[in-house]
Each structure stands twice: as structure tokens, then as C-alpha cells.
Student: 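There's a structure below that I have some questions on.
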Amino acid sequence: MKAHVFGKTLAIAALLAASGAQAQDVVRLGNLKFAHYGAVSYIKEIAPKCGIKVEERIFAKGLDVMQAIIAGELDVGTTASEAAISGRAGGAPIYVVAGFAKGGARLVARADANVKAVKDLKGKKVGVTRGGIQEVLLMAELQKAGLSADPAPGKDVQIVYLAYADLNQALLGKNIDAMMQSEPQSSQAINKGFGVEVLKPYDTPIGEPVRTMVMTEKFYNTKRPVAEKFMRCFVMATSAFIRDRALAEKYVREVVFKGQITKDDFDDAISNSPYTYDITPEHIQTTADIMFKTGVGRMARPPVAKDWVKTDLLDEAKKSLNIK
């Protein structure tokens, strides 16, 4: 009888130990709902193969992800680079650990607005989401063209700040003349015929903006084995989406957007925002310096990228999976 009770006690202890291990291996992920964020979302589907559980929360914009990280609600977050830079400048305890997509911006005008180039935006209303990488690129393009801009009338270009989801409707309703938009929304505007591409804004010193994966300093420093598993899972998910376009399309269209975007929307979006893994301190520093110069993010000073861009976990994961 005693042996039976002892055996039962051992079994319960083993179960408790196992559940404790599983609880330690939960990764809290903050993500955004865009086509080029799809591979990051896919991590939760393959997470059990990596020995972790990923709890994903979807946010409206990268700055909201930063707020959740500061509040201690996330371990990992995905943002455009400007939100990571603004967050770090404001004291957010984060490291950039990878890039996961590049590009993902397009200047789109109304079909009847007669805007062929950036210089044609003079006297126009241009919509953009405040604080997004699209705002950084818009300001850089306007500065390059010698145009002044402000939300108040009186400058060369009047800026209209709207959420990503509202920009297309404003263009369709002729409340704005053009917009610097993300994907797949810019592709949708073009495919539905109420928008035309003016340019992909990659001819500034930023080049193609890289979307950043950030990790809290605490998670990076104190949960290294779990962080390693997560990064390996990220590389696996991204590799699967790069290799298998059909898998990426099916997942993004059916799971992320629940049938709200077409195959053409997806194809056009990903051609303008391909999945990737990599990021460099130099890219982050250039972006931070341009943000500071154009006033986006309202930073007292730009953070020094080499102090907080740490790609060692990514390098180890890619090496273990034999990915260049």
C-alpha cells in the first residue's frame, strides 16, 4: 500500500514538474496584422516542435507593442524600426534581435490627383500613420524634394494623420490626395482601382526599411535557453514561408486576414515586403539619425544602435539550421 502511495506521489510530482517546465517555456509575443508579419504569426503554429508555447497578441501599431513591453506584458515584439528606436530612446528595456521583413511601404495617390512624383504633392493633402516607418519615409522623401510639411495648413504639403485601416477609405472618399501606406493596404488600393503607385520610397539613405523583432533585456538575459528556442522557431517559420509561397499565402490570407485579401493583394504585398531574417546596427543607426533629423519620434537624442542591436541568437539559430 505504501509503495502504491509513494509511486502515486512520484507520478504527481513528475506531472507538476512537467507543467512547471511548460509554464517556463511560454513566450509572450506581440505582433501586428500585416501581410509581412505573417511568418512571425506562424511561429505559434510550429512552436510545439521547438519545445515552447507562444501566446500571440495582436496590436494596432508598433508603439502599442512598445507600451505592452514597458508594462511587462510581452517577452518579444514585432514592430517597424521606428517604434523600436523611439521605444529604446524612451527607456524601453529592449534589444533588436532580428529583422523579419523589408520594404512594405508605398506612396499611393488618387487616380485623378495627377501626382506622378513627390514634387507633385505640393498643395496636396497626404495621409500617413503617425509614428510609423511610413511617416519617416514620407518626411525623408519630402525633405529630399525640398517640400515643407505640417498637419496645419500653410506648408507645401498638409499631413493628415490616420490609422492604417482608415487611410484607404480616406483616399477612396477623396479626403486626401495621396498616402504613404503599408501592405497589403497599398496593394489593395491599386488593385481596386482607386489608387495608383507614385513610388516605393526606398531611394533615401534608409533604403528598404527593415521590420524589427525586439526582445526584452530580461528575457534575453535571464531566459537564454527559451530565447534560443524561440529564435530557432522564428528562423524555421521564416524559412518555411520563403521556401513555400503557397504555404505563406494560405496562412496569411486564411488565418491572418480570414479571407479579406485576394491572391493578387497577397502577391503584390509580399513582392513589396519580402520575408527576411537579418538586420544590421548600421541600418538601425541610419534610420534613427533620419528620425532625429526629421523630428519623427520626438527624441532628445537617437539611441546608439551598436549598444542594443544584438544578433547573436539569430546567428546561432541560422547556423544550427544551416541557413545562410
Side-chain angles (χ1 to χ4, degrees), residues 60-63 79-87 89-90 103-183 185-186 189-190 194-211 272-273 283-302:
K61 55 186 184 295
L63 293 175
T79 74
S81 55
E82 94 295 327
I85 291 164
S86 294
R106 190 163 3 203
L107 180 61
V108 177
R110 284 201 338 257
D112 61 350
N114 197 32
V115 175
K116 308 295 184 185
V118 175
K119 63 181 178 61
D120 299 329
L121 294 175
K122 187 171 184 177
K124 307 290 188 184
K125 291 183 178 180
V126 182
V128 71
T129 299
R130 185 188 291 275
I133 191 64
Q134 290 78 17
E135 184 188 10
V136 182
L137 294 169
L138 174 61
M139 294 307 180
E141 289 286 357
L142 292 174
Q143 192 172 73
K144 183 179 174 184
L147 297 177
S148 61
D150 196 83
K155 300 292 184 180
D156 293 329
V157 176
Q158 185 175 355
I159 302 296
V160 179
Y161 288 113
L162 295 167
Y164 293 109
D166 297 330
L167 285 169
N168 281 25
Q169 194 60 40
L171 193 73
L172 177 62
K174 300 188 177 183
N175 297 313
I176 56 177
D177 303 297
M179 63 181 181
M180 190 69 86
Q181 177 62 297
S182 187
E183 295 288 2
Q185 290 90 344
S186 62
I190 293 166
F194 62 86
V196 293
E197 178 182 312
V198 179
L199 87 164
K200 297 180 180 71
Y202 308 146
D203 58 347
T204 76
I206 293 172
E208 288 185 278
V210 180
R211 302 304 187 274
N272 187 31
S273 54
H283 179 80
I284 292 298
Q285 193 63 60
T286 298
T287 306
D289 292 343
I290 289 178
M291 287 176 63
F292 183 67
K293 185 177 179 181
T294 58
V296 178
R298 299 179 179 84
M299 298 180 291
R301 66 177 61 86

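On a predicted model such as this, the values are computed, not experimentally measured, just so you know.
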Student: Considering all heavy atoms of both residues, which atom of Val115 and which atom of Ala109 are nearest to each other, and what is their separation?
Tutor: CB-CB, 3.7 Å

Student: Are the side chains of Val128 and Tyr161 in contact, using a 4.5 Å heavy-atom criterion?
Tutor: yes

Student: Hey, does Met139 have a side-chain heavy atom less than 4.5 Å from the side chain of Ile159?
Tutor: yes

Student: Between Ala145 and Val118, what is the shortest heavy-atom contact and its length?
Tutor: CB-CG1, 3.8 Å

Student: What pairs of residues pass the salt bridge (charged side-chain N to carboxylate O under 4.0 Å, His left out) test when at least one of them lies in residues 144-170, not counting sequence neighbours?
Tutor: Lys144-Asp203

Student: Quick one, Leu107 and Pro201 - any side-chain contact, counting heavy atoms below 4.5 Å?
Tutor: no

Student: Under a 4.5 Å cut-off applied to non-hydrogen side-chain atoms, are Ile85 and Met299 in contact?
Tutor: yes

Student: Can you tell me if CD on Gln169 sees more than 12 non-hydrogen neighbours from other groups inside 6.0 Å?
Tutor: no

Student: Please report the closest heavy-atom contact between Ser186 and Arg106, naming both atoms and the distance.
Tutor: OG-NE, 3.5 Å

Student: Give a yes or no on whether the backbone of Pro151 and the side-chain of Gln158 come within a donor-acceptor separation of less than 3.5 Å.
Tutor: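 Present.
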
Student: Measuring only between side-chain heavy atoms, which start at C-beta, is Asp120 closer than 4.5 Å to Asn114?
Tutor: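 No, their side chains stay 4.5 Å or more apart.
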
Student: Would you mind reporting whether Glu135 and Met180 have side-chain heavy atoms less than 4.5 Å apart?
Tutor: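 With C-beta onward as the side chain, the pair stays apart.
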
Student: Main chain of Ala105, side chain of Ser182: is a donor-acceptor contact present, judged purely on distance under 3.5 Å?
Tutor: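 No, because the side chain of Ser182 does not come within donor-acceptor range (under 3.5 Å) of the backbone of Ala105.
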
Student: Considering only NZ, NE, NH1 and NH2 on the basic side and carboxylate oxygens on the acidic side, decide whether Lys125 and Asp177 come within less than 4.0 Å.
Tutor: no

Student: Kindly give the heavy-atom pair with the smallest separation between Gly104 and Tyr202, and that separation in Å.
Tutor: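 Taking Gly104 first and Tyr202 second, the nearest heavy atoms are N-OH, 3.1 Å.
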
Student: Within the structure provided, determine whether Met291 and Pro302 are in side-chain contact (heavy-atom separation under 4.5 Å).
Tutor: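 Result no, sub-4.5 Å side-chain heavy-atom pair not found.
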
Student: With the side chain counted from C-beta on, respond yes when Ile133 and Thr287 share a heavy-atom pair under 4.5 Å apart, and no when they do not.
Tutor: yes

Student: Using every non-hydrogen atom in the two residues, find where Gly127 and Leu167 come nearest and quote the distance to one decimal.
Tutor: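 In terms of heavy atoms, the two residues are closest at C-CD2, 3.5 Å.
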
Student: For a quick test of reading the model, state the closest non-hydrogen atom pair linking Asn168 to Met179 and the distance between them.
Tutor: OD1-CE, 3.0 Å

